[in-house]
Protein chains: 2
Amino acid sequence: MSKPVVDPTVSLDLGVDRSSPVPLYFQLSQQLEAAIERGALTPGSLLGNEIELAGRLGLSRPTVRQAIQSLVDKGLLVRRRGVGTQVVHSKVRRPLELSSLYDDLEAAGQRPATTVLVNTLVPAGAEAAAALGVAEGSDVHRVERLRFAHGEPIAYLCNFLPTGLLDLDTAQLEATGLYRLMRAAGVTLHSARQSIGARAATAAEAERLGEPEGAPLLTMERTTFDDTGRAVEFGAHTYRPARYSFDFQLLVRS
Amino acid sequence: MSKPVVDPTVSLDLGVDRSSPVPLYFQLSQQLEAAIERGALTPGSLLGNEIELAGRLGLSRPTVRQAIQSLVDKGLLVRRRGVGTQVVHSKVRRPLELSSLYDDLEAAGQRPATTVLVNTLVPAGAEAAAALGVAEGSDVHRVERLRFAHGEPIAYLCNFLPTGLLDLDTAQLEATGLYRLMRAAGVTLHSARQSIGARAATAAEAERLGEPEGAPLLTMERTTFDDTGRAVEFGAHTYRPARYSFDFQLLVRS
DNA sequence: TCAATGCGTATGTCCGGACAATCGAACCAG
DNA sequence: CTGGTTCGATTGTCCGGACATACGCATTGA
């Protein structure tokens with residue numbers, strides 16, 4: 001009896017374009033991911049061994065391994081020595097990434113809108129100065145925004161940014177998200193430190209978000225760093241818990 | 001003028017043990033990580049080119065690249081073509097992983113304690129059945145626990161587990177965390193889907209955690225999967241926000 | 001003075017091969 | 001029937017080399 005091994009070459013039309021500037025391993029990993037996504041590779045099915053796959057595609061084994069490994073890192077595949085590589089069952093689709101609330105809402109089909117409440121230079125307070133790594137009292141940008149979805153207020157966003165990084169245009173801030181502006185300004189985001197908590201709304205917070213005073217609020221503080229280690233943003237956000245929660249998937253680091 | 005490039009071979013005593021069963025690339029990456037951790041490799045410093053490093057250590061370039069790549073994936077290093085590999089400035093230390101509250105508290109120096117309130121088999125409700133992928137009404141384990149730190153209640157944990165996976169001993173549940181028990185039973189955790197939110201405490205919730213009714217609570221729901229895609233745990237937790245928040249770092253996927 | 005060009009250097013991609021470690025199943029012995 | 005052993009299959013690790021590509025800097029030219 002032969003095992004129910006999928007033959008990727010015939011069942012899905014795999015094949016690489018050597019004239020393309022896109023790396024071969026990336027072409028392959030994208031095709032495999034697409035095949036998984038559309039169900040051509042069913043969960044639990046084996047992927048056929050690497051050497052044979054490499055031979056069929058006219059690639060070397062390291063290239064095929066690199067493609068497979070990238071999908072393993074994404075959590076879509078699992079490798080087992082002596083067994084093979086198989087598609088993970090289900091549900092791992094969007095591992096946690098450094099996300100922008102604006103992009104999240106847009107991807108969810110909500111139509112995000114932003115009102116800029118404050119956009120000025122202020123002397124850095126103790127907390128913002130410590131987070132951004134600048135001297136207390138030195139100038140930093142302060143941006144306060146209200147984020148809406150379907151006309152309902154979702155979150156109040158208060159952010160601090162160091163000067164000289166990008167010019168914060170109020171119109172642009174209302175048209176898109178902060179992260180998109182930073183990327184467009186050539187800032188390469190690298191990592192962030194986040195803290196998610198909850199507390200009761202103060203009178204001012206409650207009024208901004210249209211909640212009663214003392215209502216529970218979901219809070220998030222975040223400091224974002226670029227790849228040189230510079231802090232490029234510090235934000236303290238409050239969310240209406242009935243309208244927003246932090247949903248994500250995460251993988252076990254191995 | 002020579003550039004201020006660190007010479008890893010002399011300044012840090014790098015060297016691999018070929019008789020060890022530990023993979024060479026792993027030995028190297030661990031040594032590099034340790035060097036970064038203790039400050040021997042200062043943030044921003046270059047790491048010297050791969051080929052030379054490989055030659056000095058008596059390794060091949062792919063092996064050295066594999067070691068470096070693993071640290072890049074961890075966010076400790078950044079590579080730039082034509083420039084070199086440099087140590088990231090600070091602060092990226094513990095990227096988000098699938099964590100156990102028990103382990104988190106223990107690592108933070110708090111002394112966690114657990115009281116098991118409920119540990120029985122119950123017919124699965126709609127929510128638990130959907131999360132675990134079992135038929136509604138079929139038997140599942142139900143575990144309710146109170147988690148303390150320094151004698152103060154921190155969280156109320158309600159978990160559902162499929163039967164036949166492991167035997168849930170109340171004494172063991174009070175001595176350690178659920179994840180540790182599952183790992184000990186041979187379950188290989190793979191991924192989880194989480195949702196973090198907030199809401200006002202009901203009378204029962206408030207009483208359990210020693211909070212006033214209506215107090216804001218931090219909530220987390222999580223479904224955990226093993227590497228075959230089976231759901232192995234579903235939990236609904238509530239935390240006292242004054243005592244606990246979700247802190248983590250995350251990297252930009254590239 | 002300033003912009004365009006060229007060059008060195010480092011990482012990015014890819015190849016082909018070799019051996020080791022591990023898993024699962026078939027096989028054999030008690 | 002049961003338990004241990006052997007063996008094939010598959011991934012894990014490692015090597016040595018080759019060429020492509022992008023960045024930074026110095027040089028050159030307008």
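Numbers restart at 1 for each chain; the letters A, B, ... are given by sequence-line order, proteins then strands.
Rounding to whole angstrom units, CG of residue Leu47(B) and C1' of dT11(C) are separated by 13 Å. Between the P atom of dT22(C) and the CD atom of Glu50(A) lies a distance of 17 Å, rounded to the nearest Å. Taking atom CD of Gln86(B) as the reference point, atom C1' of dA10(C) lies 12 Å away to the nearest angstrom. Rounded to an integer number of Å, the gap from CG of Leu57(A) to P of dC14(C) is 13 Å. In this entry the distance linking CZ of Arg79(A) with C1' of dT22(C) reads 14 Å, nearest Å. Rounded to whole angstrom, the span from the CG atom of Leu77(B) across to the C1' atom of dA10(C) amounts to 15 Å. Per the geometry, CG belonging to Leu46(B) stands 15 Å off P belonging to dT9(C), to the nearest Å.
A salt bridge is defined here as a Lys NZ or Arg NE, NH1 or NH2 lying under 4.0 Å from an Asp or Glu carboxylate O, and Glu52(A) with Arg61(A) fails to meet this definition. Between Glu221(B) and Arg193(B), no side-chain nitrogen of the basic residue sits less than 4.0 Å from a carboxylate oxygen of the acidic one, so the salt-bridge criterion is not met. Under a 4.0 Å N-O distance rule, the pair Glu33(A)/Lys74(A) qualifies as a salt bridge.
Side-chain contact check for Arg142(A) and Asn119(A): no donor-acceptor pair (N or O, by modelled atom type) lies under 3.5 Å. Asp226(A) and Thr188(A) form no side-chain donor-acceptor contact under 3.5 Å, judged by distance and modelled atom types alone.
Considering only heavy atoms from C-beta on, Gln86(B) stays 4.5 Å or farther from Ser45(B) through its side chain. Side-chain atoms of Val143(A) and Arg145(A), non-hydrogen and from C-beta on, do get closer than 4.5 Å to each other.
Ring geometry for Phe234(A) against Phe160(A) counts as parallel: the plane angle stays under 30°, on a 0 to 90° scale with 60° as the upper cut.
Taking for each of Gly58(A) and Gln69(B) the nucleotide of DNA chain C with the nearest heavy atom, the 5'-most of the two is the partner of Gln69(B).
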*Evaluate the side-chain contact (heavy atoms from CB on, under 4.5 Å) criterion for residues Leu59(B) and Arg18(B): first the C-alpha distance (whole Å), next the side-chain angles of each, then the deciding distance (0.1 Å), finally the verdict.*
CA-CA 10 Å; Leu59(B) 298 172; Arg18(B) 300 198 86 96; 3.8 Å; yes

*Under the side-chain contact (heavy atoms from CB on, under 4.5 Å) criterion, do Arg65(A) and Tyr25(A) qualify, and how do the steps go?*
CA-CA 8 Å; Arg65(A) 274 183 70 76; Tyr25(A) 78 92; over 6 Å; no

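Within residues 17-29 of chain A, the residues that have a heavy atom under 4.0 Å from DNA chain C are, in order of number, Arg18(A), Pro23(A), Leu24(A), Tyr25(A). DNA chain D is contacted by Arg61(A), Arg65(A) of residues 59-68 of chain A, taking any non-hydrogen atom closer than 4.0 Å.
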Check nucleotides 23-25 of chain C against the protein and report each pair of N or O atoms closer than 3.5 Å, with its distance, or say if there are none.
| residue | atom | partner | partner atom | Å |
| --- | --- | --- | --- | --- |
| dC23(C) | O4' | Arg81(A) | O | 3.1 |

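Residue-environment remark: CZ (Phe26(B)) stays at or below the threshold of 12 foreign heavy atoms within 6.0 Å.
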